[in-house]
A.B. asks: 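Sending over a structure as structure tokens; questions will come in a sec.
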Amino acid sequence: MPNANHSSLKMVFFGTPLLAVWVLEELEKGGILPSLVVTAPDKPAGRKLLFTPSPVKVWAQERGIRILEPEKLDDDFISALKTETYDLFIVAAYGKLIPQEVLDIPKHGVLNVHPSLLPQFRGASPIVTAILSGEKETGTSIMLLDRQMDHGPIVAQEHVDISDVPKASKLGERLARLGGVMLVNLIPKWVLGNLKPREQDHTRATYCGKIAKEDGLINLSDDPEKNYRKIRAFDEWPRAYFFSERKGKKIRVVIKDARLEDGKLVITKVLPEGKREMDYIDFQRNL
RNA sequence: CGCGGGGUGGAGGAGUGGUACCUCACGAGGCUCAUAACCUUGAGACGCCGGUUCGAGUCCGGCCCCCGCAA
């Protein structure tokens with residue numbers, strides 16, 4: 001797997017969630033492995049609030065790759081990074097803002113995978129926002145990180161059709177893998193200086209914020225298409241839900257699946273609080 | 001020990017100590033020009049282990065699994 005070209009490249013990968021693992025998997029397929037991975041520290045997760053390592057950490061452990069998981073990107077961390085010299089950093093959904101001092105370390109800069117057609121949808125939720133806003137297409141951008149968020153010049157960009165309103169989980173994987181493949185193709189050229197980044201048209205920049213739990217609450221009498229987009233966009237988190245009355249108790253009902261039929265929203269699968277997933281028909285029958 | 005809800009025929013639900021019931025689906029037969037209709041009829045279940053009891057789906061203890069909150 002390590003061929004002469006790539007093994008000579010010393011690279012650090014910054015990332016945390018599953019999205020970042022997809023990028024890593026494509027890099028690995030392309031024969032590119034980081035020599036160090038930086039990820040967020042373990043956090044309590046799950047019903048028992050057990051400390052859980054990030055997906056990227058698990059991935060790196062399985063391959064025996066060195067891991068740094070700083071709480072803060074402070075001086076200690078920076079000096080730890082500087083004990084070696086690196087050619088390139090790659091960032092994909094790391095979760096923390098990376099200070100200029102770190103950006104200055106690698107010889108060939110810091111490349112970022114961003115799942116949108118920058119300058120559109122800078123920020124935290126580009127995938128979900130693209131689906132919600134009814135875009136016909138989105139894509140993946142590889143950009144050179146600078147001091148401002150998602151602001152640096154674009155090295156490469158590819159479009160993806162989303163007129164079929166994909167689920168966010170599926171679209172996320174597609175865009176992340178695309179990003180990994182793009183990196184595999186462009187890193188060799190990039191390192192040789194054969195690619196010139198293109199400044200973003202900052203006047204056309206749009207931004208998307210974090211999704212909140214409450215965003216998943218939908219009003220069933222709202223516009224069907226709008227609700228359908230929410231269900232698809234929030235399929236991973238926070239999930240579209242509404243409240244219902246059951247035996248005098250107010251319960252949360254998560255919509256697991258639905259489709260749009262003749263301009264009407266047809267809910268098919270539902271997950272009521274305290275129960276398991278069931279057909280919406282059955283749920284209604286036994287209210 | 002973070003908080004809480006739940007596991008009953010194939011699906012969804014009733015049933016807080018005394019023969020397990022309902023709706024839907026399924027099999028057989030019938031009726032009908034016809035039916036996701038109707039009538040008759042049939043098969044099929046209490047997550048697992050132990051305890052209390054004359055008797056446990058129901059009470060007690062342990063285990064497994066599912067889900068909501070939280071992160």
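Each chain gets a letter, A, B and so on, in the order its sequence line appears, and its residues count up from 1.
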A.B. asks: At a heavy-atom distance below 4.0 Å, what parts of residues 43-50 of chain A sit against RNA chain B?
C.D. replies: A:P44, A:A45, A:G46, A:R47, A:K48, A:L49

A.B. asks: Only counting residues at least two apart or in another chain, list the ones meeting side-chain contact (heavy atoms from CB on, under 4.5 Å) with A:S163.
C.D. replies: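 For A:S163 the side-chain contact (heavy atoms from CB on, under 4.5 Å) partners, ignoring immediate neighbours, are A:K136, A:D161.
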
A.B. asks: Output a table of donor-acceptor pairs, distance under 3.5 Å, between side-chain atoms of residues 262-270 of chain A and any protein atom two or more places apart or on a different chain; print 'none' if there are none.
C.D. replies:
from   : atom 1 : to     : atom 2 : distance (Å)
A:T268 : OG1    : A:D257 : O      : 3.0
A:K269 : NZ     : A:D279 : OD1    : 2.8

A.B. asks: Can you list every pair that meets ring-ring contact (aromatic ring centres under 6.0 Å, His included) and has a residue in residues 157-197 of chain A, with sequence neighbours left out?
C.D. replies: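 Listed once each, the pairs would be none.
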
A.B. asks: Cut-off 3.5 Å, no hydrogens considered: what does the side-chain donor-acceptor table look like for residues 53-60 of chain A, sequence neighbours left out?
C.D. replies:
from  : atom 1 : to    : atom 2 : distance (Å)
A:S54 : OG     : A:T39 : OG1    : 2.7
A:S54 : OG     : A:K57 : N      : 3.1
A:K57 : NZ     : A:D42 : OD1    : 3.1
A:K57 : NZ     : A:D42 : OD2    : 3.3
A:K57 : NZ     : A:E69 : OE1    : 3.3
A:K57 : NZ     : A:E69 : OE2    : 2.8

A.B. asks: Identify, with sequence neighbours excluded, every residue that meets ring-ring contact (aromatic ring centres under 6.0 Å, His included) alongside A:Y280.
C.D. replies: none

A.B. asks: With A:Y228, which residues qualify under ring-ring contact (aromatic ring centres under 6.0 Å, His included), at least two apart?
C.D. replies: none

A.B. asks: Please write out the pairs of protein N or O atoms and N or O atoms of nucleotides 5-9 of chain B separated by less than 3.5 Å, giving the distance to one decimal.
C.D. replies:
from : atom 1 : to     : atom 2 : distance (Å)
B:G5 : N2     : A:G274 : O      : 3.2

A.B. asks: I'd like a table of donor-acceptor pairs (distance under 3.5 Å, sequence neighbours excluded) in which one partner is a side-chain atom from residues 85-106 of chain A, with atom names and distances.
C.D. replies:
from   : atom 1 : to     : atom 2 : distance (Å)
A:D87  : OD1    : A:K107 : NZ     : 3.1
A:D87  : OD2    : A:K10  : N      : 2.7
A:K96  : NZ     : A:E71  : O      : 3.1
A:Q100 : NE2    : A:D104 : OD1    : 3.0

A.B. asks: Write out all pairs satisfying salt bridge (charged side-chain N to carboxylate O under 4.0 Å, His left out) with one or both partners inside residues 174-193 of chain A, taking only residues at least two apart or from two chains.
C.D. replies: A:E25-A:R177, A:E26-A:R177, A:E173-A:R177

A.B. asks: For A:Y241, give me all partners under ring-ring contact (aromatic ring centres under 6.0 Å, His included), at least two apart in sequence or on another chain.
C.D. replies: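 Applying ring-ring contact (aromatic ring centres under 6.0 Å, His included) to A:Y241 gives A:F243.
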
A.B. asks: Heavy atoms within less than 4.0 Å of RNA chain B: which residues of residues 250-261 of chain A have one? Give them sorted by number.
C.D. replies: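 Within residues 250-261 of chain A, the residues near RNA chain B are A:R252.
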
